[in-house]
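All values below come from the heavy atoms of this structure, side chains included, with hydrogens, waters and symmetry mates left out. The structure presented is a predicted model; accordingly, all values stated were derived computationally and were not measured.
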Amino acid sequence: MEPILSVENLSVRIAGLHILQGVSFTVAPTGVTVLLGRNGVGKTTTLRAIVGLTPRGGEVRGAIRMGAQSLLARPTHRLIRGGLGYVPEDRCVFAGLTVAENLRLAERRGTSPAYDKVFALFPELDRRGRQRAGSLSGGQQQMLAIGRVLLNDNRLLLVDEPTKGLAPKVVTEVAEVLERVAESVPVLLVEQNLAVVRRLARDAVVLAAGRVAWTGDARELLLETALTKSLLGVGSAEGHHPAGTPAGARKDER
(Lines give C-alpha, C1' and ligand atoms only; values in the text may rest on other atoms or scores of the structure.)
Protein backbone atom coordinates (compact mmCIF):
# COMPACT_ATOMS: atom_id res chain seq x y z
CA MET A 1 0.00 0.00 0.00
CA GLU A 2 1.17 3.51 -0.76
CA PRO A 3 2.06 5.53 2.36
CA ILE A 4 -0.29 8.30 3.45
CA LEU A 5 2.72 10.45 4.45
CA SER A 6 6.26 10.57 3.11
CA VAL A 7 9.01 12.59 4.76
CA GLU A 8 12.21 12.83 2.72
CA ASN A 9 15.52 14.33 3.82
CA LEU A 10 13.79 16.73 6.22
CA SER A 11 16.15 19.32 7.66
CA VAL A 12 15.07 21.95 10.20
CA ARG A 13 17.14 24.79 11.63
CA ILE A 14 15.73 27.01 14.37
CA ALA A 15 17.66 29.92 15.90
CA GLY A 16 20.88 28.56 14.45
CA LEU A 17 20.36 25.03 15.81
CA HIS A 18 20.28 22.17 13.29
CA ILE A 19 17.51 20.16 14.97
CA LEU A 20 16.57 17.73 12.19
CA GLN A 21 19.33 16.51 9.87
CA GLY A 22 18.01 14.61 6.88
CA VAL A 23 15.07 12.76 8.45
CA SER A 24 13.25 10.34 6.12
CA PHE A 25 10.38 7.96 6.90
CA THR A 26 6.88 6.99 5.76
CA VAL A 27 3.54 6.54 7.51
CA ALA A 28 1.32 3.65 6.48
CA PRO A 29 -2.25 4.42 5.31
CA THR A 30 -3.68 2.39 8.19
CA GLY A 31 -2.93 1.93 11.87
CA VAL A 32 -0.55 3.79 14.19
CA THR A 33 3.03 4.74 13.40
CA VAL A 34 4.89 5.85 16.51
CA LEU A 35 7.75 8.37 16.53
CA LEU A 36 10.13 7.52 19.37
CA GLY A 37 13.39 8.81 20.77
CA ARG A 38 15.06 10.29 23.80
CA ASN A 39 14.19 13.80 24.93
CA GLY A 40 15.34 16.60 22.67
CA VAL A 41 15.94 14.55 19.49
CA GLY A 42 13.33 16.43 17.45
CA LYS A 43 10.08 14.46 17.66
CA THR A 44 7.87 17.49 18.33
CA THR A 45 9.83 19.51 15.76
CA THR A 46 9.09 16.81 13.19
CA LEU A 47 5.33 17.03 13.78
CA ARG A 48 5.40 20.82 13.77
CA ALA A 49 7.33 20.85 10.50
CA ILE A 50 4.79 18.51 8.91
CA VAL A 51 1.89 20.75 9.93
CA GLY A 52 3.71 23.97 8.98
CA LEU A 53 4.25 25.35 12.48
CA THR A 54 8.00 25.84 12.46
CA PRO A 55 8.76 29.12 14.29
CA ARG A 56 9.16 32.27 12.22
CA GLY A 57 12.71 32.52 11.00
CA GLY A 58 13.18 28.75 11.08
CA GLU A 59 14.51 27.05 7.97
CA VAL A 60 12.91 23.87 6.62
CA ARG A 61 14.31 21.86 3.73
CA GLY A 62 13.42 18.53 2.20
CA ALA A 63 10.08 17.11 1.10
CA ILE A 64 6.86 16.26 2.92
CA ARG A 65 3.99 14.69 0.99
CA MET A 66 0.55 13.49 2.01
CA GLY A 67 -0.31 11.13 -0.79
CA ALA A 68 0.82 12.93 -3.92
CA GLN A 69 0.40 16.41 -2.43
CA SER A 70 3.39 18.43 -1.26
CA LEU A 71 2.82 19.99 2.15
CA LEU A 72 5.80 22.29 2.60
CA ALA A 73 4.52 25.11 0.42
CA ARG A 74 1.06 25.21 2.03
CA PRO A 75 0.05 27.25 5.11
CA THR A 76 -1.14 25.44 8.22
CA HIS A 77 -4.81 26.39 7.92
CA ARG A 78 -4.98 24.93 4.41
CA LEU A 79 -3.33 21.71 5.57
CA ILE A 80 -5.91 21.37 8.34
CA ARG A 81 -8.77 22.03 5.94
CA GLY A 82 -7.27 19.42 3.64
CA GLY A 83 -7.63 16.70 6.25
CA LEU A 84 -4.48 16.89 8.37
CA GLY A 85 -5.51 16.72 12.03
CA TYR A 86 -3.09 17.90 14.74
CA VAL A 87 -3.26 17.38 18.51
CA PRO A 88 -0.37 19.41 19.96
CA GLU A 89 1.73 18.67 22.99
CA ASP A 90 0.35 20.26 26.19
CA ARG A 91 -3.22 20.34 24.73
CA CYS A 92 -3.32 24.10 23.92
CA VAL A 93 -7.03 24.52 24.68
CA PHE A 94 -8.50 28.02 24.92
CA ALA A 95 -8.67 28.31 28.71
CA GLY A 96 -11.04 31.27 28.82
CA LEU A 97 -13.60 29.69 26.51
CA THR A 98 -16.10 26.98 27.40
CA VAL A 99 -15.80 23.41 26.21
CA ALA A 100 -18.59 24.02 23.70
CA GLU A 101 -16.87 27.15 22.38
CA ASN A 102 -13.56 25.30 21.98
CA LEU A 103 -15.32 22.66 19.93
CA ARG A 104 -17.23 25.18 17.87
CA LEU A 105 -14.00 26.94 16.89
CA ALA A 106 -12.67 23.65 15.51
CA GLU A 107 -15.53 23.15 13.05
CA ARG A 108 -14.33 23.24 9.47
CA ARG A 109 -16.27 25.50 7.14
CA GLY A 110 -18.64 23.70 4.81
CA THR A 111 -18.61 20.41 6.74
CA SER A 112 -20.94 18.69 9.19
CA PRO A 113 -19.13 18.38 12.54
CA ALA A 114 -19.34 14.90 14.08
CA TYR A 115 -20.53 15.87 17.56
CA ASP A 116 -22.25 12.52 18.03
CA LYS A 117 -18.96 10.69 17.48
CA VAL A 118 -17.00 13.00 19.78
CA PHE A 119 -19.55 12.77 22.60
CA ALA A 120 -19.76 8.99 22.22
CA LEU A 121 -16.00 8.79 22.71
CA PHE A 122 -15.87 11.49 25.40
CA PRO A 123 -19.24 11.79 27.21
CA GLU A 124 -17.56 14.11 29.71
CA LEU A 125 -17.28 16.82 27.05
CA ASP A 126 -21.04 16.77 26.50
CA ARG A 127 -21.72 17.07 30.23
CA ARG A 128 -19.23 19.92 30.65
CA GLY A 129 -20.15 21.98 27.60
CA ARG A 130 -20.68 25.20 29.62
CA GLN A 131 -17.55 24.81 31.75
CA ARG A 132 -14.48 26.92 30.97
CA ALA A 133 -11.70 24.80 29.52
CA GLY A 134 -9.14 26.27 31.89
CA SER A 135 -10.96 24.77 34.87
CA LEU A 136 -10.87 21.22 33.48
CA SER A 137 -8.47 18.61 34.79
CA GLY A 138 -5.47 17.70 32.65
CA GLY A 139 -7.19 14.56 31.45
CA GLN A 140 -10.36 16.42 30.51
CA GLN A 141 -8.32 19.02 28.62
CA GLN A 142 -6.62 16.23 26.69
CA MET A 143 -10.03 14.78 25.81
CA LEU A 144 -11.04 18.22 24.56
CA ALA A 145 -7.87 18.58 22.49
CA ILE A 146 -8.49 15.23 20.81
CA GLY A 147 -12.23 15.88 20.49
CA ARG A 148 -11.62 19.12 18.57
CA VAL A 149 -9.74 17.21 15.88
CA LEU A 150 -12.22 14.35 15.71
CA LEU A 151 -15.09 16.73 14.93
CA ASN A 152 -13.89 16.71 11.34
CA ASP A 153 -12.99 14.10 8.74
CA ASN A 154 -9.23 13.56 8.59
CA ARG A 155 -6.89 11.80 6.20
CA LEU A 156 -4.13 11.65 8.83
CA LEU A 157 -3.83 12.51 12.53
CA LEU A 158 -0.67 13.84 14.17
CA VAL A 159 -0.86 13.33 17.93
CA ASP A 160 1.92 14.63 20.20
CA GLU A 161 2.33 12.96 23.62
CA PRO A 162 -1.37 12.55 24.46
CA THR A 163 -0.76 10.71 27.76
CA LYS A 164 1.94 12.99 29.19
CA GLY A 165 1.25 13.90 32.81
CA LEU A 166 -2.04 12.01 33.03
CA ALA A 167 -3.20 9.66 35.77
CA PRO A 168 -3.01 5.94 34.86
CA LYS A 169 -6.80 5.60 34.55
CA VAL A 170 -6.96 8.53 32.12
CA VAL A 171 -3.98 7.17 30.18
CA THR A 172 -5.98 3.99 29.61
CA GLU A 173 -9.05 5.97 28.48
CA VAL A 174 -7.02 8.05 26.01
CA ALA A 175 -5.29 4.94 24.65
CA GLU A 176 -8.66 3.24 24.14
CA VAL A 177 -9.95 6.21 22.17
CA LEU A 178 -6.85 6.38 19.96
CA GLU A 179 -7.12 2.65 19.35
CA ARG A 180 -10.69 3.09 18.11
CA VAL A 181 -9.81 6.16 16.06
CA ALA A 182 -6.93 4.35 14.33
CA GLU A 183 -9.39 1.79 12.96
CA SER A 184 -10.62 4.43 10.50
CA VAL A 185 -7.80 6.99 10.12
CA PRO A 186 -3.99 6.56 10.22
CA VAL A 187 -2.15 8.14 13.14
CA LEU A 188 1.42 9.43 13.51
CA LEU A 189 1.94 9.37 17.27
CA VAL A 190 4.66 10.77 19.51
CA GLU A 191 4.46 8.84 22.77
CA GLN A 192 6.93 7.96 25.53
CA ASN A 193 4.77 5.59 27.56
CA LEU A 194 5.95 2.25 26.20
CA ALA A 195 2.92 0.37 27.50
CA VAL A 196 0.77 2.65 25.32
CA VAL A 197 3.17 2.18 22.40
CA ARG A 198 2.95 -1.59 22.78
CA ARG A 199 -0.85 -1.41 22.73
CA LEU A 200 -1.29 0.97 19.81
CA ALA A 201 1.65 1.03 17.44
CA ARG A 202 2.28 -1.21 14.47
CA ASP A 203 5.24 0.66 12.98
CA ALA A 204 7.98 2.62 14.72
CA VAL A 205 10.44 5.32 13.72
CA VAL A 206 13.21 6.13 16.21
CA LEU A 207 15.05 9.45 16.12
CA ALA A 208 18.49 10.02 17.59
CA ALA A 209 20.46 13.28 17.39
CA GLY A 210 18.13 14.66 14.74
CA ARG A 211 18.37 11.62 12.45
CA VAL A 212 16.45 8.40 11.93
CA ALA A 213 18.23 5.68 13.90
CA TRP A 214 15.78 2.81 13.38
CA THR A 215 12.54 1.94 11.57
CA GLY A 216 10.48 -1.22 11.60
CA ASP A 217 7.86 -3.20 13.49
CA ALA A 218 7.11 -1.54 16.84
CA ARG A 219 6.56 -4.80 18.70
CA GLU A 220 9.84 -6.23 17.44
CA LEU A 221 11.62 -3.15 18.77
CA LEU A 222 10.02 -3.47 22.18
CA LEU A 223 10.95 -7.15 22.40
CA GLU A 224 14.64 -6.31 21.93
CA THR A 225 15.54 -5.08 25.41
CA ALA A 226 19.13 -4.17 24.54
CA LEU A 227 18.06 -2.26 21.42
CA THR A 228 15.28 -0.46 23.28
CA LYS A 229 17.72 0.55 26.02
CA SER A 230 20.29 1.73 23.48
CA LEU A 231 17.83 3.81 21.44
CA LEU A 232 15.43 5.03 24.13
CA GLY A 233 17.35 4.83 27.38
CA VAL A 234 14.99 2.37 29.07
CA GLY A 235 15.64 -1.22 29.98
CA SER A 236 12.11 -2.64 30.02
CA ALA A 237 9.46 -2.50 27.33
CA GLU A 238 6.82 -2.83 30.04
CA GLY A 239 7.83 0.33 31.89
CA HIS A 240 5.49 3.27 32.20
CA HIS A 241 8.10 6.00 32.68
CA PRO A 242 8.75 8.22 29.65
CA ALA A 243 11.66 7.07 27.52
CA GLY A 244 14.81 8.82 28.60
CA THR A 245 13.10 10.47 31.58
CA PRO A 246 13.56 9.14 35.13
CA ALA A 247 10.44 8.77 37.26
CA GLY A 248 9.34 12.17 38.52
CA ALA A 249 11.62 14.15 36.21
CA ARG A 250 10.28 16.99 34.09
CA LYS A 251 10.34 16.52 30.34
CA ASP A 252 11.23 19.50 28.20
CA GLU A 253 11.53 18.81 24.49
CA ARG A 254 11.24 20.89 21.38
Side-chain angles (χ1 to χ4, degrees), residues 1-15 19-20 22-35 42-95 97 99-115 117-118 121 133 141-142 144-162 178 181-182 184-190 205 254:
M1 294 184 291
E2 292 294 320
I4 184 63
L5 183 77
S6 299
V7 177
E8 300 174 8
N9 200 29
L10 180 62
S11 174
V12 177
R13 292 180 182 269
I14 300 174
I19 298 175
L20 299 181
V23 167
S24 298
F25 64 91
T26 60
V27 175
T30 59
V32 176
T33 299
V34 65
L35 190 60
K43 302 184 297 294
T44 291
T45 297
T46 300
L47 293 196
R48 291 178 63 85
I50 292 169
V51 80
L53 289 174
T54 305
R56 183 173 298 177
E59 181 184 11
V60 181
R61 296 181 181 273
I64 304 173
R65 296 183 178 85
M66 189 163 66
Q69 182 184 60
S70 174
L71 303 189
L72 278 184
R74 297 171 65 83
T76 299
H77 69 278
R78 292 192 179 276
L79 297 179
I80 299 301
R81 289 177 185 172
L84 186 61
Y86 177 52
V87 181
E89 185 183 24
D90 297 325
R91 298 128 199 174
C92 297
V93 300
F94 295 100
L97 300 181
V99 168
E101 289 167 339
N102 269 268
L103 292 172
R104 197 173 305 124
L105 282 175
E107 296 177 11
R108 289 181 192 156
R109 188 180 307 169
T111 65
S112 298
Y115 279 99
K117 178 176 74 173
V118 170
L121 291 170
Q141 289 187 13
Q142 187 63 72
L144 178 56
I146 297 172
R148 289 185 306 192
V149 172
L150 298 183
L151 273 180
N152 306 290
D153 290 331
N154 297 285
R155 296 173 61 194
L156 172 67
L157 292 182
L158 310 179
V159 185
D160 196 354
E161 299 223 27
L178 291 176
V181 168
S184 57
V185 60
V187 177
L188 176 59
L189 172 70
V190 171
V205 179
R254 281 293 183 273

Is there a donor-acceptor pair closer than 3.5 Å between any side-chain N or O of [X] and the backbone N or O of [Y]?
{"X": "Arg65", "Y": "Ser6", "value": "no"}
{"X": "Gln141", "Y": "Ala133", "value": "yes"}
{"X": "Asn102", "Y": "Arg148", "value": "no"}
{"X": "Asn152", "Y": "Ala106", "value": "yes"}
{"X": "Asp90", "Y": "Pro88", "value": "no"}

Side-chain touch [X]/[Y], heavy atoms, less than 4.5 angstrom:
{"X": "Tyr86", "Y": "Leu79", "value": "no"}
{"X": "Arg61", "Y": "Asn9", "value": "no"}
{"X": "Leu97", "Y": "Leu105", "value": "yes"}
{"X": "Val87", "Y": "Pro162", "value": "no"}
{"X": "Lys43", "Y": "Leu47", "value": "no"}

Distance check, rounded to the nearest 0.5 Å: [X] atom [atom1] versus [Y] atom [atom2]?
{"X": "His77", "Y": "Arg108", "atom1": "NE2", "atom2": "CZ", "answer": "12.5 Å"}
{"X": "Ile50", "Y": "Arg48", "atom1": "CD1", "atom2": "CZ", "answer": "12.0 Å"}
{"X": "Thr30", "Y": "Met1", "atom1": "OG1", "atom2": "CE", "answer": "4.0 Å"}
{"X": "Ile146", "Y": "Leu157", "atom1": "CD1", "atom2": "CG", "answer": "9.5 Å"}
{"X": "Leu151", "Y": "Arg104", "atom1": "CG", "atom2": "CZ", "answer": "11.0 Å"}
{"X": "Leu189", "Y": "Thr33", "atom1": "CG", "atom2": "OG1", "answer": "9.5 Å"}

Considering non-hydrogen atoms only, spot the tightest contact between [X] and [Y] and give its length.
{"X": "Leu84", "Y": "Ile80", "result": "O-CD1, 2.9 Å"}
{"X": "Leu156", "Y": "Val185", "result": "N-CG2, 3.9 Å"}
{"X": "Val27", "Y": "Leu188", "result": "CG2-CD1, 4.0 Å"}
{"X": "Ala182", "Y": "Val32", "result": "CB-CG2, 3.6 Å"}
{"X": "Leu20", "Y": "Gly42", "result": "CD2-O, 3.6 Å"}
{"X": "Ala49", "Y": "Ile64", "result": "O-CD1, 3.8 Å"}

> Does Tyr115 have any ring-ring contact (aromatic ring centres under 6.0 Å, His included) partners at least two apart in sequence or in another chain, and if so, which?
Replying inline: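 With neighbours one apart ignored, the set is Phe119.
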>> So if I apply the side-chain contact (heavy atoms from CB on, under 4.5 Å) rule between Leu35 and each of Asp160, Thr44, Val205, Val159, which one comes out positive?
In response: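 Considering Asp160, Thr44, Val205, Val159, a side-chain contact (heavy atoms from CB on, under 4.5 Å) with Leu35 is found only for Val205.
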